[in-house]
Amino acid sequence: MNHALLIFFITLRLLKMAVADEGFCPSTSMVDSGSDLKHLYWKVTNPTLSPSHLQDLPGFTRSVYKQDHALITPESHVFSPLPDWTLTLGAYLITPAMGSHFVMYLAKMQENSRSGLPPNDVERFIFVVQGAVTLTNVSGTSDKLTVDSYAYLPPNVDHSLRCDASATLVVFERRHVSLENQSTDQIIGSTDEQPLLETPGEVFQLRKLIPTSISYDFNIHIMDFQPGEYLNVKEVHYNQHGLLLLEGQGIYRLGDSWYPVQAGDVIWMAPFVPQWYAALGKTRTRYLLYKDVNRNPL
């Protein structure tokens, strides 16, 4: 048995042990476990893949970095003060240093924290996975964003995020590729407000959080799989992806490698890397997916 296959079976065994020890996160917005109420997407910030007696195993990680893909798992996240934000710790998970044209990071906002602005000509998308924040734009209008809410901020638009307690955000930023006579608008919404879209030949449920009009050069997809469902198409395409598993677990194929994954895992997919997913376990998989669109690859 080669080394890669041995690692795969060891990790799969750990996944099965975690299921026996920890159970799964239901797809409802709140989970009652004894006396504790758990919020939607609670496993993103409280991953449970490894049984407790293995969490401190020296050198153990499921994270992998290769030329055309990366799996970044929670035990590998490194948080430090986020530049230009106050009282906020950030973990950069995908950056141009690995070949991407976008940045993806987690922002852990503490009590009385505030966001900074992205660089000039950079657009920003935020999605709340824990807690709540208040978004205020240049006109002074404020909106409260709770778990499963999101906002798209066009480039060079003043705005601020304020957190009065604590919150965890996933943030995407990229330098906007503008088109003549086209502009983007601020968007605020929540996942459940978006309609389910047709997915010919596929069984998963799809929502898109950003308009599909040509003004926007990327989109964010929310994809849901019931246990046992999988992608029909084994995708190979020019688009890049940044992915955060919000719920569930399964197997992701990237190139010639097969990875057990669970809520809290982040994946980077370079152009043309073969990719495929199958959902396992007892509850749905939901993941959030960045995808560049509407621009000629030349």
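Here the structure is a predicted model, which means the values were calculated and not measured. Below, all heavy atoms of this structure are taken into account, side chains as well, without hydrogens, waters or symmetry copies.
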Inset, instruction - Taking all non-hydrogen atoms of both residues into account, name the closest pair between N156 and D121 and its distance. - result: OD1-N, 2.7 Å
Inset, instruction - Look up atom CG in L280 and atom NZ in K282, then write down how far apart they are to the nearest 0.5 Å. - result: 13.0 Å
Legend entry - Shared hydrophobic cluster for L87 and L82 (ILVMFWY, side-chain gaps under 4.5 Å): no
Inset, instruction - Scan side-chain atoms only and decide if R286 and Y41 contain a donor-acceptor pair under the 3.5 Å cut-off. - result: yes
Inset, instruction - Classify the side-chain pair T73/S63 by whether it contains a donor and acceptor separated by less than 3.5 Å. - result: yes
Inset, instruction - Please check if F272 and Y65 belong to a single hydrophobic cluster, counting links between Ile, Leu, Val, Met, Phe, Trp and Tyr side chain heavy atoms closer than 4.5 Å. - result: no
Legend entry - In one Ile/Leu/Val/Met/Phe/Trp/Tyr side-chain cluster, 4.5 Å: V122, I210: no
Inset, instruction - Check the side chains of S113 and T86 for a donor-acceptor pair under 3.5 angstrom, ignoring hydrogens and angles. - result: no
Inset, instruction - Report yes or no: do E123 and Y152 form a side-chain donor-acceptor pair below 3.5 Å? - result: yes
Legend entry - Straight-line distance of K43 NZ to L245 CG, nearest 0.5 Å: 11.5 Å
Legend entry - Side-chain donor/acceptor of Q130 to backbone N/O of T168, under 3.5 Å: yes
Legend entry - Y230 and F225 aromatic centres sub-6.0 Å: no
Inset, instruction - Examine the side chains of D148 and S190 and answer whether a donor and an acceptor come within less than 3.5 Å of each other. - result: no
Legend entry - By side chain to side chain contact (heavy atoms under 4.5 Å, CB included) - contacts of Q226 (at least two apart): E229, R284
Inset, instruction - Would you mind reporting whether V293 and R295 have side-chain heavy atoms less than 4.5 Å apart? - result: no
Legend entry - Intermediate values then yes/no, side chain to side chain contact (heavy atoms under 4.5 Å, CB included), T283 and E247: CA-CA 8 Å; T283 61; E247 294 180 319; over 6 Å; no
Legend entry - Gap between atom CD of E193 and atom OG1 of T191 - 0.5 Å precision: 9.0 Å
Inset, instruction - Measure across Q249 and G281 and return the closest heavy-atom pair with its distance rounded to 0.1 Å. - result: NE2-CA, 4.1 Å
Legend entry - Expected output: side-chain D158 to main-chain V138 donor-acceptor under 3.5 Å: no
Inset, instruction - Report yes or no: do I267 and V64 belong to one cluster of Ile/Leu/Val/Met/Phe/Trp/Tyr joined by side chain heavy-atom distances under 4.5 Å? - result: yes
Inset, instruction - Please assess V171 against R124 for the test side chain to side chain contact (heavy atoms under 4.5 Å, CB included), listing each intermediate value before the final yes or no. - result: CA-CA 7 Å; V171 185; R124 169 181 281 174; 4.0 Å; yes
Inset, instruction - Could you tell me which non-hydrogen atom of R114 sits nearest to which non-hydrogen atom of S160, and how far apart they are? - result: NH1-OG, 4.1 Å
Legend entry - Donor-acceptor contact below 3.5 Å, side chain N294 vs main chain Y216: yes
Inset, instruction - Would you check if the side chain of E202 reaches a backbone N or O of N232 as a donor-acceptor pair within less than 3.5 Å? - result: yes
Legend entry - Test item: S257 and Y259 side chains (from C-beta on) under 4.5 Å apart, heavy atoms: yes
Legend entry - N239 side chain vs D292 backbone, donor-acceptor pair below 3.5 Å: yes
Legend entry - Heavy-atom side-chain contact between T88 and S115 under 4.5 Å: no
Inset, instruction - Classify the side-chain pair N112/D164 by whether it contains a donor and acceptor separated by less than 3.5 Å. - result: no
Legend entry - Straight-line distance of L161 CG to L169 CG, nearest 0.5 Å: 6.5 Å
Inset, instruction - Evaluate ring-ring contact (aromatic ring centres under 6.0 Å, His included) for F127 paired with F172, printing each intermediate quantity in order. - result: CA-CA 9 Å; F127 186 94; F172 294 89; 9.2 Å; no
Inset, instruction - Please lay out, stage by stage, how L135 and H159 fare under the test side chain to side chain contact (heavy atoms under 4.5 Å, CB included). - result: CA-CA 7 Å; L135 170 66; H159 64 273; 4.1 Å; yes
Inset, instruction - Measure the shortest side-chain to side-chain distance between R174 and F218 over non-hydrogen atoms and say whether it is less than 4.5 angstrom. - result: yes
Legend entry - Interatomic distance, T199 atom OG1 to Q205 atom CD [nearest 0.5 angstrom]: 8.5 Å
Inset, instruction - List the atom of S215, the atom of T184, and the distance in Å for their closest heavy-atom pair. - result: O-CG2, 3.4 Å
Inset, instruction - Report whether I187 and I222 are members of the same hydrophobic cluster (ILVMFWY, side-chain heavy atoms less than 4.5 Å apart, transitive linking). - result: yes
Legend entry - Heavy-atom pair of closest approach, residues S139 and N137: OG-OD1, 2.7 Å
Inset, instruction - Please answer whether the main-chain N or O of V261 pairs with a side-chain N or O of D265 as donor and acceptor at a distance below 3.5 Å. - result: no
Legend entry - Side-chain donor/acceptor of W276 to backbone N/O of L231, under 3.5 Å: yes
Legend entry - Shortest non-hydrogen contact between I72 and L93, atoms and distance: CD1-O, 3.6 Å
Inset, instruction - For residues H221 and L209, determine if any side-chain heavy atom of one lies less than 4.5 Å from a side-chain heavy atom of the other. - result: no
When the side chains of residues 95-110 are checked against the rest of the protein, which donor-acceptor pairs come out under 3.5 Å, sequence neighbours left out?
from: T95; atom 1: OG1; to: A97; atom 2: N; distance (Å): 3.2
from: S100; atom 1: OG; to: T95; atom 2: O; distance (Å): 2.9
from: S100; atom 1: OG; to: F102; atom 2: O; distance (Å): 2.7
from: H101; atom 1: ND1; to: Q240; atom 2: NE2; distance (Å): 3.2
from: H101; atom 1: NE2; to: Y290; atom 2: OH; distance (Å): 3.1
from: Y105; atom 1: OH; to: E173; atom 2: OE2; distance (Å): 2.8

Legend entry - Ring center gap for F125 and Y150 short of 6.0 angstrom: yes
Inset, instruction - Tell me, with the steps shown, if D192 and R207 meet salt bridge (Lys or Arg N to Asp or Glu O under 4.0 Å). - result: CA-CA 9 Å; D192 59 6; R207 293 174 172 89; over 6 Å; no
Legend entry - Min side-chain heavy-atom separation K234-V236 under 4.5 Å: no
Legend entry - Worked check of side chain to side chain contact (heavy atoms under 4.5 Å, CB included) between N219 and T212: CA-CA 7 Å; N219 213 311; T212 57; 4.0 Å; yes
Legend entry - Minimum side-chain heavy-atom gap L40-W42 below 4.5 Å: no
Inset, instruction - May I ask you to test the L246-V44 pair for a side-chain heavy-atom distance under 4.5 Å? - result: yes
Inset, instruction - Measure from the side-chain N and O atoms of R175 to the backbone N and O of N120, and report whether any donor-acceptor pair falls under 3.5 Å. - result: yes
Inset, instruction - Nearest 0.5 Å please: distance from the NZ atom of K291 over to the CE atom of M269. - result: 11.0 Å
Legend entry - R62 side-chain N/O to P260 backbone N/O, donor-acceptor pair under 3.5 Å: yes
